[in-house]
Undergrad: 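This is the structure, below, for whatever I ask next.
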Amino acid sequence: MARLIFEKSQKGRRGCLLPATGVPEIDADSIIDSSLVNEEDLYLPEASELTISRHFINLSQKNHFIEKGFYPLGSCTMKYNPKINERIANFHNFTRLHPYLPINCTQGSLEIMHDLQNYLADITGMDSITLQPAAGSHGELTGMLIVKAYFKNKGEKRTKVIVPDSAHGTNPASARMCGFDIIEVKSNQKGQVDIHTLKEMVNEDIAAIMLTNPNTLGFFEEDILEISDILHNAGALLYYDGANLNAVMGLVRPGDMGFDIVHINTHKTFSTPHGGGGPGAGPVGVKKFLESYLPVPTISFDGEKYCLNYNHLNTIGKVRSFYGNFGILLRAYAYILSMGKQGLKQAAMDAVLNANYLKEKLKTAYHLPYDYQCMHEFVLSGDRQKEQGVNTMAIAKKLMDYDVHPPTVYFPLIVSEALMIEPTETEPKEVLDEFIETMLGIAKEIEENPEQVLSSPQKTPVKKIDEVLAARKPDLCYKPDNT
Ligand SMILES: *Cc1c(COP(=O)(O)O)cnc(C)c1O
């Protein structure tokens, strides 16, 4: 079967036929210098509109996406993104704006960004927001640059940042990029930061701690206020990785937990299609005493008009061109407005309910190393199945045969054979029940016929591949019979 549009090409086929224009035809050679005229035929596919339409529709379905099936990719919050957000972000009034337009021509857009800053400040409990960073990890980098500038300005030499052993890899990476040394704090038996170890670590070398709350095991750090006191009493700052804000928005605010700097992954919490490497946004919020360090510009209102505010005394400078990822910020704005205060709170509670429902049902067949009530996600271990000859990677592959995107695997690092599952609030109970049935079915199949599971996936466009070989020597050439 032909797979490339080039193979489907038929000489002379047209997508559409236009009536004659009535404008006389002239030869290109007569008006363009002959040295500039291409002598060879262009190698372009020729196909009817229907062929093209089918081709791309079929291609689009070879990949997985939220509208196609369940997508419980832990920590990534692959919720359904309402189409109304797309429609609004695609209004011509927005898409035709040029970033160099003078601000008297962009008052409406600036107002939206100003409002969004206020909403995000309200939701996180922070005093001031920059919308500039382009992703969560970029927010981390921005936050760590602020930490660095803050201590430099105070004349304090603090060289270390504490990161829990359950942290996302971007946390230590961001701190390291700013020149900090990383020290790791262990999690206790409840999967939370071990307060006693933390107390011993904290001294005047520590610049900050980076925490995700709820953390990547899906647990709310119950000792957060004490953690905050320990760090603050030693003169250090608290950084909040907001990737899991979906679990707590409208219910509890990082600002009230004692955090000084926060990033928000708007693409996760506030609904933007992401996961294919697509754009995101990582606004950063700070408490008042750090406001002067924010990257420029922020948006402010002088009582009459909205302006780009470059007036931050200790600013770390610019972290991105123009306004940040404006289109993504618009989607977040539309989402927040359409949900309202009550809606956001309900979404968080539903996300937690869905996760706990799955956890209780799945722990009958899979090992649950931290068996406590979770927030929006939980982490199973495939240890039991591995003993039977099937590791977590194989379970993940098997799920693809059921049109389910595999959960996050082998993360967090402190759980062996980890399967990190985040259903999100947008899935109905029937989908959760189907997933439970699938997962329990796989566990049963592993007991009865592990070989069968190991040969999966069978139904995907690309079947079982040699992971290492594929990573080291990616084969990007098209071969018609390639499976
Ligand atoms: C997704 C994620 C990040 C990184 O965010 P990006 O927007 O992908 O850069 C950081 N920490 C945690 C816990 C995450 O899940």
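Order of listing sets the numbers, starting from 1, for every ligand and every atom in it. In this text the structure is predicted, and so the values were computed from the model without any measurement.
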Undergrad: Looking only at protein heavy atoms, which one is nearest to atom 9 (O) of ligand 1, and how far off is it?
TA: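 Checked against all protein heavy atoms, atom 9 (O) of ligand 1 sits closest to S137 OG, 2.6 Å.
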Undergrad: Just heavy atoms, cut-off under 4.0 Å: does A243 contact ligand 1 by side chain, backbone, both, or neither?
TA: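 Answer for A243: side chain.
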Undergrad: Taking atom types as modelled and ignoring hydrogens, do the side chains of D383 and S416 form a donor-acceptor contact shorter than 3.5 angstrom?
TA: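 Yes, side-chain donor-acceptor contact under 3.5 Å.
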Undergrad: Less than 3.5 Å between some nitrogen or oxygen of D241 and one of ligand 1, yes or no?
TA: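 N/O-N/O distance under 3.5 Å: yes.
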Undergrad: Can you report which non-hydrogen protein atom sits closest to atom 1 (C) of ligand 1, along with the distance?
TA: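 The answer is K268 NZ, 1.5 Å.
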Undergrad: Show the atoms of ligand 1 that are less than 4.0 angstrom away from any heavy atom in A135.
TA: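 By the 4.0 Å cutoff, the relevant atoms are 7 (O), 9 (O).
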Undergrad: Counting heavy atoms only, name the option from N171, T216, N265, T408 that's nearest to atom 5 (O) of ligand 1.
TA: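 Minimum heavy-atom distance to atom 5 (O) of ligand 1 goes to N265.
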Undergrad: For F326 and Y323, take the angle between the two ring planes, folded into 0 to 90°, and tell me which bin it lands in: parallel under 30, tilted 30 to 60, perpendicular over 60.
TA: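 Because their plane-to-plane angle lies in the 30° to 60° range, the rings of F326 and Y323 count as tilted.
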Undergrad: Classify the side-chain pair D181/T159 by whether it contains a donor and acceptor separated by less than 3.5 Å.
TA: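 Their side chains do not contain a donor-acceptor pair, so the 3.5 Å distance test is not met.
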Undergrad: Which option, M420, H138, H267, owns the non-hydrogen atom nearest atom 8 (O) of ligand 1?
TA: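 Selected option, by shortest heavy-atom distance: H267.
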Undergrad: Short question: side chain of D466, backbone of L469 - any donor-acceptor pair under 3.5 Å?
TA: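 Looks like yes, one N/O pair under 3.5 Å.
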Undergrad: Are F70 and Y402 an aromatic pair, judged by ring center distance below 6.0 Å?
TA: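 No.
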Undergrad: Should one rank S75, A134, S174 by closest heavy-atom distance to atom 15 (O) of ligand 1, which comes out on top?
TA: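 It is S75 that holds the nearest heavy atom.
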Undergrad: Can you check side-chain hydrogen bond (donor to acceptor under 3.5 Å, both in side chains) on S75 and H168, steps first, answer last?
TA: CA-CA 9 Å; S75 206; H168 195 265; 5.6 Å; no
